[in-house]
Amino acid sequence: MTKIQRPTGMQDVLPDDGRYWSWVTKEATALAEQYGFARIDVPIIEYTDLFARGMGTASDVFVQKEMYTIEEPDGKHITLRPEFTAGLVRAYIQNGMGSWAQPVKLFSIGPIFRRERPQAGRYRQHSQFDCEIMGETDPAADVEVMMAAMNLYRKLGYKGLNFQINSTGCPVCKPVYMDALKSYLAGREDELAPIDIERLQKNPLRILDSKEKGMDALLADAPHIIDHLCEDCRDHFVDLRTLLDTLEQPYTINFRLVRGIDYYTKTVFEVWAEGIGAQAAVCGGGRYDGLAEAIGGRSVPGVGFGSGIERIILGIKEQGIEPPAPPSLSVLVAHFGGESKQTAVALTYTLRAAGIDTRLAFARKRRSMKSQMREANKHNVEYVLIIGDSEVENNTVTLRPMNGGQQEVVAVDELVERLRG
RNA sequence: GCGGGUAUAGUGUAGUGGUCAACACGUCUGGUUGUGACCCAGAAGAUCGUGGGUUCAAGUCCCACUACUCGCCCCA
């Protein structure tokens, strides 16, 4: 019989990595709350239509090949969420958040699922930290989500960070730009790689972020979308830059940063960090003023970002950043079985009730002190409390510091105070 | 969907076609009665991913499959 393994693209996060996870999610949560984002948790599963709508012609491919979709017995199709934004916008609409004080600022942390071949830092199940501001068109809101992302990475100790920004226009100006780009490329088809000729047909914007050789030269004189923006989009972009300048943030206008899907509007951004393999981006985000309508609500502007936890951790490791030391237990309670075990078990819960991190040495029979000491050492406890016959008799415990200090006998009544001291 | 690489104890590795498949770390026990880290001794733990093939002989060579991994496609 073949051994059962975890499904392709799924990860077990073992305790060694768990300390990175607790740290990153704790910092992310604290930062989001400090910025005034409120925590929301929406289902991992949504009706497939939520993710399919608004994705334009590409939606069929997405739903069939890139998402985990299940047909229920009653014929309804449900899908494991491939991102946060759609679910949060759905929750906004469904829960009448349009009548809350605007804007509504939400954050969430949890798993998302994409059915693609795993690559470094890209798994079929991975977790994201996601912040969204809905009901606000002010570019200062764009800056706020950008700063939330940036300052999280700074807090975690990342070096070499900067913003990559661009605008993806809006339904008014994006098509105009697409035409300009297509006619520029049309004259150069012989210079395009086969894959990019295909893109020219299907999704011309994607040529901009093509990794084929010679693209820099080929695109040197290509039209930039920021030169083709309508007045509204241009104003928005100028304001955004002004605010980033005011805050003295490092940013690069990257005309090759694109979003192919229609409901994305105006701001597109990524945060790049040095030394994270081929892909420098630790997060991606932008404005999606067309999404709410696309999924059947009334028009609500929104801006946000998502950042993969696994990717953040990968970057932390590559940059040689150490998480805070894993929490160590204060004490281990050791005993010799029999009556001393009863005393030890009782004491363990007394200490825990007093807020002291306590580990109990398990032993079905009498267990050697050597073995219990070794256990204490492995788990990095500060003290071992030894309980034997004489301690039971005298209502005391032997308190042994593991840092090499002198051990002493302490009355049980004074123990908690002594440990806290 | 398409390529490249890899597959040996829990982990990481070694292993010219031929004795009981080795080492490190980890785990467990012990080094006199109730004291860790370092050190020493001992133990457990692998039908060498699965299935075929070549051969007198396969962990080692060949094929297929599967898994993992790196990349491509795609990228919300």
Side-chain angles (χ1 to χ4, degrees), chain A residues 1-11 14 16 50-56 58-59 61-67 79 81-89 112-123 126 128 130 168 193-196 198-199 202-203 205-206 209-212 257-264 268 270 277-279 281 283-286 288 291 294 304-306 308 332 334-337 340 361 366-392 397-407 409:
Chain A
M1 195 159 56
T2 23
K3 263 189 277 188
I4 294 178
Q5 319 187 77
R6 80 182 84 88
T8 299
M10 309 290 167
Q11 301 295 120
L14 271 21
D16 258 4
L50 174 66
F51 303 120
R53 277 193 215 167
M55 284 192 163
S59 72
V61 183
F62 273 131
V63 172
Q64 283 171 23
K65 289 181 57 186
E66 311 289 340
M67 298 184 197
T79 294
R81 66 181 177 203
E83 55 146 0
F84 271 100
T85 311
L88 294 197
V89 172
I112 67 168
F113 302 83
R114 298 179 179 182
R115 201 180 183 297
E116 57 193 3
R117 290 298 291 268
Q119 296 170 50
R122 290 182 68 170
Y123 306 108
H126 73 273
Q128 281 197 354
D130 186 275
T168 193
I195 180 69
D196 286 324
E198 203 182 316
R199 287 184 175 122
K202 280 166 42 185
N203 200 347
L205 284 178
R206 281 266 93 82
D209 66 1
S210 168
K211 288 167 209 142
E212 296 299 321
L257 197 60
V258 295
R259 289 289 122 94
I261 293 169
D262 293 340
Y263 59 68
Y264 284 97
V268 183
E270 291 183 350
Q279 303 223 325
C283 85
Y288 47 87
L291 177 56
F305 75 89
L332 177 136
H335 59 87
F336 296 97
S340 72
R366 183 187 175 84
R367 182 172 160 200
S368 76
M369 189 44 54
K370 178 200 292 289
S371 160
Q372 298 183 69
M373 290 297 292
R374 279 180 173 161
E375 178 178 341
N377 191 247
K378 257 166 232 151
H379 292 93
N380 223 277
V381 305
E382 292 174 65
Y383 296 97
V384 173
L385 303 183
I386 300 169
I387 298 171
D389 293 342
S390 66
E391 283 87 351
V392 170
V397 301
T398 296
L399 179 67
R400 178 179 177 78
M402 294 298 279
N403 61 6
Q406 196 69 33
Q407 75 181 36
V409 176

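Every chain is numbered from 1 and lettered A, B, ... according to where its sequence line falls, protein lines coming before strand lines.
- Here the CZ atom belonging to A:Phe305 is positioned 10.5 Å from the OG1 atom belonging to A:Thr85, to the nearest 0.5 angstrom.
- Between the CD atom of A:Glu375 and the C1' atom of B:A37 there is a distance of 15 Å, given to the nearest Å.
- Among the atoms of the strands shown, base atoms are found under 4.0 Å from some heavy atom of A:Glu391.
- Of the inter-residue distances, the one linking A:Arg400 atom CZ with A:Gln406 atom CD reads 8.5 Å to the nearest 0.5 angstrom.
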Tabulated below should be each protein N or O lying under 3.5 Å from an N or O of nucleotides 66-70 of chain B; please produce it.
| unit_1 | atom_1 | unit_2 | atom_2 | d |
| --- | --- | --- | --- | --- |
| B:C68 | OP1 | A:Thr8 | N | 3.4 |
| B:C68 | OP1 | A:Thr8 | OG1 | 3.3 |
| B:C68 | OP2 | A:Thr8 | OG1 | 3.0 |

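- B:G51 and B:U27 have their P atoms separated by 33 Å, given to the nearest Å.
- Nucleotides B:C74 and B:G12, compared at atom C1', are 35 Å apart to the nearest Å.
- In terms of the side-chain contact (heavy atoms from CB on, under 4.5 Å) criterion, residue partners of A:Val392 (sequence neighbours excluded) are, by chain and number, A:Glu339, A:Ser340, A:Thr343, A:Ile387.
- Atom-to-atom distance recorded for A:Met402:CE and A:Leu332:CG is 8.0 Å, nearest 0.5 angstrom.
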Protein-nucleotides 43-48 of chain B N/O pairs closer than 3.5 Å?
none

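- Nucleotide B:C74 holds its P atom 18 Å from the CZ atom of A:Arg115, rounded to whole Å.
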All N/O contacts under 3.5 Å from nucleotides 24-31 of chain B to the protein, with atom names and distances to one decimal?
| unit_1 | atom_1 | unit_2 | atom_2 | d |
| --- | --- | --- | --- | --- |
| B:C28 | OP2 | A:Lys378 | NZ | 3.0 |
| B:G30 | O6 | A:Arg374 | NH2 | 3.2 |
| B:G31 | N7 | A:Lys370 | NZ | 3.1 |
| B:G31 | O6 | A:Arg374 | NH2 | 2.9 |

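- For B:C75, the OP1/OP2 oxygens have a side-chain nitrogen or oxygen of A:Arg206 closer than 4.0 Å.
- Side-chain proximity of A:Arg122 to the nucleotides B:G36, B:U35, B:C75 is greatest for B:C75.
- Judged as a ring pair (Phe, Tyr, Trp, His ring centres under 6.0 Å), and not counting sequence neighbours, A:Phe84 has no contacts.
- Considering NE2 of A:His379 and CG of A:Asn377, their distance stands at 10.5 Å, rounded to 0.5 Å.
- Using a 4.0 Å heavy-atom criterion, one finds that A:Gln407 contacts the bases of the nucleic acid, with or without backbone contacts as well.
- A:Thr398 and A:Glu391 share a side-chain donor-acceptor pair at under 3.5 Å.
- Rounded to whole angstrom, the span from the CZ atom of A:Phe51 across to the P atom of B:C75 amounts to 18 Å.
- Partners of A:Glu382 under the salt bridge (charged side-chain N to carboxylate O under 4.0 Å, His left out) rule, at least two apart in sequence or in another chain, do not exist in this structure.
- A:Asn203 CG to A:Asp196 CG: the interatomic distance, rounded to the nearest 0.5 Å, is 11.5 Å.
- For A:Asn377, the listed nucleotide lying nearest its side chain is B:A37; candidates were B:A37, B:A76, B:C75.
- For B:C75, one of the phosphate oxygens OP1 or OP2 lies less than 4.0 angstrom from a side-chain nitrogen or oxygen of A:Asn203.
- Checked by atom type and distance alone, the side chain of A:Arg259 pairs as donor or acceptor with a backbone atom of A:Gly285 at under 3.5 Å.
- In this structure, CD of A:Gln128 is placed 17 Å from P of B:C75, rounded to the nearest angstrom.
- Listed by chain and number, the residues in a side-chain contact (heavy atoms from CB on, under 4.5 Å) with A:Ala86 are A:Leu50, A:Phe51, A:Glu83 (sequence neighbours excluded).
- Nucleotides of RNA chain B nearest to A:Ile195 and A:Val258 differ in position, and the one nearer the 5' end is that of A:Ile195.
- One interatomic measurement links the two molecules: CG of A:Leu205 to P of B:C74, which rounds to 13 Å at whole-angstrom precision.
- Comparing the C1' positions of B:G26 and B:A44 gives an interatomic distance of 13 Å, to the nearest angstrom.
- Partners of A:Lys378 according to the side-chain contact (heavy atoms from CB on, under 4.5 Å) rule, which considers only residues two or more places apart in sequence or in another chain, are A:Arg374.
- Atom name P, nucleotides B:G52 and B:C28: the rounded distance is 39 Å, in whole Å.
- Every side-chain hydrogen bond (donor to acceptor under 3.5 Å, both in side chains) that A:Asp209 has, sequence neighbours left out, goes to A:Arg206.
- B:G4 and B:C23 have their C1' atoms separated by 30 Å, with the value rounded to a whole Å.
- Between A:Thr79 and A:Phe113, every side-chain heavy-atom pair lies at or beyond the 4.5 Å cut-off.
- Within the nucleic acid shown, A:Tyr264 comes within 4.0 Å of sugar-phosphate atoms alone, with no base atom in reach, counting heavy atoms only.
- Rounded to an integer number of Å, the gap from CE of A:Met402 to P of B:U35 is 13 Å.
- Rounded to an integer number of Å, the gap from CG of A:Asp209 to C1' of B:C75 is 9 Å.
- With sequence neighbours left out, A:Arg367 forms a salt bridge (charged side-chain N to carboxylate O under 4.0 Å, His left out) with A:Glu375.
- What separates OH of A:Tyr383 from C1' of B:U35 is a distance of 16 Å, to the nearest Å.
- Residue A:Asn380 is out of contact with every strand shown, counting any heavy-atom pair closer than 4.0 Å.
- Partners of A:Asp389 under the salt bridge (charged side-chain N to carboxylate O under 4.0 Å, His left out) rule, at least two apart in sequence or in another chain, do not exist in this structure.
- With pairs defined as Watson-Crick or G-U wobble and both atom distances under 3.5 Å, the stems of at least three pairs that touch RNA chain B come out as B:1-7 with B:66-72, B:10-13 with B:22-25, B:27-31 with B:39-43, B:49-53 with B:61-65.
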